[in-house]
Amino acid sequence: MNMSVSRRSFLKGLATTSAVSVIGPSLLASSKAMAAETTGTWKTSGSHWGAFRAHVYAGKVQEIKPLEMDKYPTDMLNGIKGIIYSPSRVRYPMVRLDWLKKHKYSGETRGNNRFIRMTWDDALDLFYRELERVQKDYGPWALHAGQTGWRQTGQFHSCTSHMQRAVGMHGNFITKVGDYSTGAGQTILPYVLGSTEVYAQGTSWSEILDHSKNIVLWATDPVKNLQVGWNCETHESFAYLEQLKEKVAKGEINVLSVDPVKNKTQRFLGNDHMYINPQTDVAFMLAVAHTLYTEDLYDKEFIKMYCLGFDEFVPYFMGKSKDNIEKTPEWAAEICGLPADEIRDFARMLVAERTQILFGWCIQRQEHGEQPYWMGAVIAAMVGQIGLPGGGVSYGHHYSSIGVPSTGFAAPGGFPRNVDEGQKPKWDNNDFNGYSRTIPVARWVDCLLEPGKEIKYNGSKVILPDYKMMIISGNNPWHHHQDRNRMKQAFQKLQTVVTIDFAWTATCRFSDIVLPACTQFERNDIDVYGSYSGRGLVAMHKLVDPLYQSKTDFDIFTELSRRFGRHKEYTRGMDEMEWVRSLYSDCRDANKAKFDMPEFDEFWAKGVLDFGEGTPWVRHADFREDPEINALGTPSGFIEISSRKIDRFGYEHCQGHPMWFEKSERSHGGPGSKKHPFWMQSCHPDKRLHSQMCESEEMRATYAVKGREPVYINPKDAAEKGIKDGDIVRVFNDRGQLLAGAVLSDSYARGVIRIEEGAWYGPLNEKVGAIDTYGDPNTLTQDIPSSELAQATSANTCLVDFEKFKGEVPPVTSFGGPIEVS
Ligand SMILES: Nc1nc2c(c(=O)[nH]1)N[C@H]1C(S)=C(S)[C@@H](COP(=O)(O)OP(=O)(O)OC[C@H]3O[C@@H](n4cnc5c(=O)[nH]c(N)nc54)[C@H](O)[C@@H]3O)O[C@H]1N2
Ligand SMILES: Nc1nc2c(c(=O)[nH]1)N[C@H]1C(S)=C(S)[C@@H](COP(=O)(O)OP(=O)(O)OC[C@H]3O[C@@H](n4cnc5c(=O)[nH]c(N)nc54)[C@H](O)[C@@H]3O)O[C@H]1N2
Ligand SMILES: [Mo]
């Protein structure tokens, strides 16, 4: 398949594309939202989508408008009411019929969604009975309560902490290391740059705007992804992105996107674009290194003073070691689809002027995902601008206000996740039966399918535990994990699954006991305003009382711990508002010397506290100034272009220096592409936070196609298959099949399709292989590790094919809760 490559010279820059304004203060300014209300009250709260004021009247949230401080609110605020009043809410404690009635836990019918209603007392008794049984009959290795995720915001109510503290007071359990976001990146970069980098504050946007002449947006879509934050998002980054757009238009900064897709940021900035074949960035980068080296353009001084292992690496790209292939631009062109001359031009551009490279994270959520990040650091080192304002490499500017200067003020703490010091669990048993008690996060399904197997992980060995019970809170594994049909098989082996959620997700469908939590809008809390900027604090006022029979996670786990006499230790004798006040008061004390925070009541009434702007900063400037005193956290203290430590692990798929590895599935002529020619990327959704808000009917109406999740397809690819905009399409591979609604768009290169992650899984029935009626991309993704180093998810190493769906279209089964039986 031939890929259309942008031949415009990015060196001369200046795209004339008319940029569509996708962000702006007018976003939510409906006349209704601005109208003065005479009845009801306005309350303040915060969320992953930003801070807002809510008009509450007659016990109902009537409307939501952004906080005045937020100049770039996301239209996802419009989806909040749809979360609270979703037909998919978990209303009552529910227990799976077959699990309750039949013997041996009835794993074979798990997922049939048939549940019966229970009283809170009965449901919690059952939950407690199962905890007891598992600790008594097996031991701590038989319980997995370690999976975490995007709990709603609020420092006190952070729900996974509540679950793990209460369950931890009862007994020990299996937990995880790493995460789905940056599993490969956060594992490799400490060896190379001395920290995870992905979760570190980056060079301030103001420094980038003032000093960069080139910005490479490498697999990153900040305009889409900065709509949400881990804590309450301020959206201050968008002010800088607007300035960047002006500078692009004036020709003051050349911005170049390296991506198989013209993404939302590229369309907003109107910058130049390099289409690259998916998953081939490392081949491209090796050829860039080859060019810098053979044209003698690289910074020898920088390599000598700040780096280690360059000499061991050179023979690899010069064709003198390992595969003995010289990594010339001509070699790379065959793989990555970029003409050799463009690769050379790109290398020359990097060193000609100050260049800032900004990576996103999707590129490491693939097989060998460690390599692009390592190789990216090597390129940046050869360019020699690490530690200079507007130069070097960043791995986080699309995330949670990274790049907005930090204020440095202390944030409020949270509810403790662990048991208090000196306390022991009721079942004080640390015998894990030879199994590992911590597993790499994405390998939890492997445990069920291959219990006892020994796997390699980051220099150590992990023995996969044979767990029998799982407790899920604040995450949605039937969204976040890969390969649904494999998960179905694995879940049949589980004895008991308990899920605590407010939304009846596919995870609830595949559980045995489901407990109704309330949403964050039904409880009081406090949050940081600006995850990395630490701009201020937000009061999270309870908007309405918990709906139906839902309770706060705090109340649920108080009641659970009461069953083994630990509720007083669990709550420390404090109720919700006492906790919120005490978190505020500790924060006030911590900041006393620097900032005079008001009394709690004053803060609470006002709703927000502004610490003011932070101080601009340049990442790695201190290291550049003195690499001995400010040594990096790598084994040598220097940037490690080759790593002896990794080399000594002796891994096949992550060796002593960055390398190009062919993928198990790769489009554009790569392995598997004859049978399933299309690369499916499952990027993060523009109008959701993962699976959160998919339940919002108002929001779904803005993007769904005939009630299905969109699949984005290049118009020529669609035409060849007789598919038109709005058609229902069956997307499939050997792992599964789903229905989705076609959206044709030139933004997608030929051979590339996108289905956004987080679409609610809606299997036609519980059987392995059943078609997914709504369009969850993880019905098709591979459940394989990035490598022996990180064992991270490789969701984006995935090939599929598709066709126009013929025949009777089945109804979507994802929404509306369980089938209630009596
Ligand atoms: N194919 C593919 N898969 C992916 C990704 C990808 O790019 N492609 N991305 C991965 C990444 S980076 C991530 S971070 C994960 C995200 O995976 P998750 O964090 O599991 O995804 P969410 O949809 O945010 O799930 C959060 C769940 O917690 C519930 N919840 C929220 N707040 C509360 C609360 O206060 N109390 C209770 N009891 N429940 C609550 C929500 O209703 C929701 O069901 O997905 C991963 N999966
Ligand atoms: N709106 C919204 N924002 C979010 C989230 C959300 O759910 N919704 N989730 C948050 C979370 S938890 C995370 S982890 C981050 C995720 O942040 P990322 O993982 O960085 O985001 P993605 O949108 O998945 O991908 C970014 C870009 O990478 C490109 N890309 C993918 N594969 C390749 C490749 O092989 N080569 C190249 N060159 N480019 C490639 C995609 O086309 C896309 O434009 O987003 C955060 N922000
Ligand atoms: Mo993530």
Side-chain angles (χ1 to χ4, degrees), residues 48-49 74 76 83 90 147-154 157-160 162-163 179-183 198 217-222 224-230 257-266 274-281 284 336 359-366 372 396 398-400 442 472-482 499-508 515-520 523 550 552-553 556 679-695 748 752 754-758 760 776-778 780-781 793 795-798:
H48 292 301
W49 304 281
T74 163
M76 276 189 267
I83 291 180
V90 183
Q147 212 71 357
T148 61
W150 277 70
R151 88 289 178 264
Q152 290 193 310
T153 58
H157 283 292
S158 184
C159 64
T160 316
H162 289 270
M163 183 272 279
D179 58 40
Y180 284 76
S181 310
T182 65
V198 290
L217 298 177
W218 208 314
T220 186
D221 197 354
K224 170 169 69 67
N225 289 344
L226 288 168
Q227 293 179 93
V228 307
W230 176 247
S257 299
V258 181
D259 203 303
V261 175
K262 287 193 181 207
N263 62 30
K264 194 174 182 184
T265 305
Q266 193 272 340
M274 273 174 106
Y275 275 118
I276 183 167
N277 284 343
Q279 307 188 85
T280 64
D281 300 77
F284 171 40
C336 71
F359 278 104
W361 294 346
C362 194
I363 193 177
Q364 51 86 62
R365 237 175 271 118
Q366 57 173 244
H398 62 288
Y399 182 69
S400 290
I472 299 162
S473 156
N475 66 99
N476 181 4
W478 284 81
H479 133 61
H480 73 225
H481 195 66
Q482 286 57 63
T499 295
I500 306 100
D501 207 317
F502 50 81
W504 194 275
T505 61
T507 297
C508 297
L515 302 176
C518 65
T519 69
Q520 62 163 90
R523 59 197 192 198
S550 69
T552 64
D553 297 275
I556 295 171
W679 179 61
M680 184 192 74
Q681 55 164 220
S682 44
C683 288
H684 286 232
D686 187 27
K687 300 216 177 297
R688 284 194 298 262
L689 172 60
H690 314 297
S691 73
Q692 295 187 61
M693 211 172 259
C694 195
E695 73 264 37
Y748 294 81
V752 172
R754 173 182 296 189
I755 305 180
E756 292 177 338
E757 57 110 326
W760 277 28
D776 167 10
N778 280 322
L780 303 168
T781 50
T793 179
N796 289 296
T797 299
C798 177

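Since the model is a prediction, treat every value here as computed from it, not as a measurement. We count ligands from 1, going down the list as the structure has it; atoms in each ligand are counted the same way.
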message = For the 3.5 Å polar cut-off, considering only N or O atoms, please tell me whether His481 and ligand 1 meet it.
response = no
ask   = Is Arg151 in polar range of ligand 1, meaning some N or O pair under 3.5 Å apart?
value =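 N/O-N/O distance below 3.5 Å does not exist for this pair.
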To the nearest 0.5 angstrom, please state how far the [atom1] atom of [X] sits from the [atom2] atom of [Y].
X      : Y      : atom1 : atom2 : value
Cys683 : Asp259 : SG    : CG    : 7.5 Å
Asp501 : Gln692 : CG    : CD    : 8.0 Å
Ile83  : Met693 : CD1   : CE    : 4.0 Å
Gln279 : Ile363 : CD    : CD1   : 10.0 Å

Could you pull out, from [options], the option with a heavy atom nearest to [atom]?
atom                    : options                        : answer
atom 7 (O) of ligand 2  : His398, Gln364, His690, Lys687 : His690
atom 24 (O) of ligand 1 : Gln692, Gln152, His162         : Gln692
atom 39 (N) of ligand 1 : Val228, Thr160, Thr148, Ile500 : Ile500
atom 12 (S) of ligand 1 : Cys694, Ser550, Ser181         : Ser181
atom 36 (N) of ligand 1 : Thr781, Asp553, Thr499, Asp776 : Asp553
atom 27 (C) of ligand 1 : Ile472, Asn475, Asp179         : Asn475
atom 41 (C) of ligand 1 : Thr552, Asp501, Ile755         : Asp501

Under 4.0 Å from a heavy atom of [X]: which atoms of ligand 1 are those, numbered in the order shown and with their elements?
X      : answer
Arg365 : 7 (O), 12 (S)
Thr505 : 44 (O)
Ser691 : 22 (P), 23 (O), 25 (O)
Ala795 : 1 (N), 2 (C), 8 (N)
Asn778 : 1 (N), 2 (C), 3 (N)
Gly149 : 19 (O)

request  = Please identify which atoms of ligand 2 are closer than 4.0 Å to at least one heavy atom of Gln227.
outcome  =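 Here the atoms of ligand 2 in question are 1 (N).
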inquiry  = Distance under 4.0 Å to a non-hydrogen atom of Gly360: what atoms of ligand 2 satisfy this?
reply    =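 In order of numbering, the contacting atoms are 20 (O).
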Minimum-distance protein heavy atom relative to [atom]:
atom                    : answer
atom 23 (O) of ligand 2 : Lys224 NZ, 2.6 Å
atom 11 (C) of ligand 1 : Tyr180 CB, 3.6 Å
atom 31 (C) of ligand 2 : Cys362 SG, 3.3 Å
atom 1 (N) of ligand 2  : Pro685 O, 2.8 Å
atom 44 (O) of ligand 2 : Asp259 OD2, 2.7 Å
atom 26 (C) of ligand 2 : Ala219 O, 3.6 Å
atom 21 (O) of ligand 1 : His479 CD2, 3.1 Å
atom 9 (N) of ligand 2  : His684 ND1, 2.9 Å
atom 33 (C) of ligand 1 : Phe502 CE2, 3.5 Å
atom 35 (O) of ligand 2 : Gln279 N, 3.0 Å
atom 47 (N) of ligand 2 : Asn225 O, 2.9 Å
atom 17 (O) of ligand 1 : His480 CB, 3.1 Å
atom 34 (C) of ligand 1 : Cys159 SG, 3.4 Å

So is [X] in contact with ligand 1, going by heavy-atom distances below 4.0 Å?
X      : result
His157 : no
Gly474 : yes
Met680 : no
Gln482 : yes

So, [X] versus [Y]: side-chain donor-acceptor pair below 3.5 Å or not?
X      : Y      : value
Asp221 : Thr265 : yes
Gln152 : Thr519 : no
Thr74  : Gln227 : yes

query = Below 4.0 Å from any atom of ligand 2, is there a heavy atom belonging to Lys264?
reply =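 No; Lys264 lies far enough from ligand 2 that no heavy-atom distance drops under 4.0 Å.
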Compute the shortest N/O to N/O distance between [X] and ligand 2 and return yes if it is under 3.5 Å, no if not.
X      : value
Pro278 : no
Trp150 : no
Asn263 : yes
Ile363 : no
Ser682 : no

key: Candidate list His690, His480, His684, test ring pair (Phe, Tyr, Trp, His ring centres under 6.0 Å), partner Tyr180, passing option   =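 Only match with Tyr180 under ring pair (Phe, Tyr, Trp, His ring centres under 6.0 Å): His480.
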task = Answer side chain, backbone, both or neither: which part of Trp679 comes under 4.0 Å from ligand 2, heavy atoms only.
result =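 Near ligand 2, Trp679 shows its side chain, while the N, CA, C and O stay back.
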ask   = Applying a 4.0 Å heavy-atom criterion (strictly less than), which segment of Asp281 is in contact with ligand 2: side chain, backbone, both, or neither?
value =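 Near ligand 2, Asp281 shows its side chain, while the N, CA, C and O stay back.
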Report the relative orientation of the aromatic rings in [X] and [Y]; use parallel for angles under 30°, tilted for 30 to 60°, perpendicular for over 60°.
X      : Y      : value
Tyr399 : Trp150 : perpendicular
Trp361 : His398 : perpendicular
Trp230 : His48  : tilted
Trp218 : Phe284 : tilted

task = Between Met163 and ligand 1, find which residue part has any heavy-atom pair under 4.0 Å and reply side chain, backbone, both or neither.
result = neither
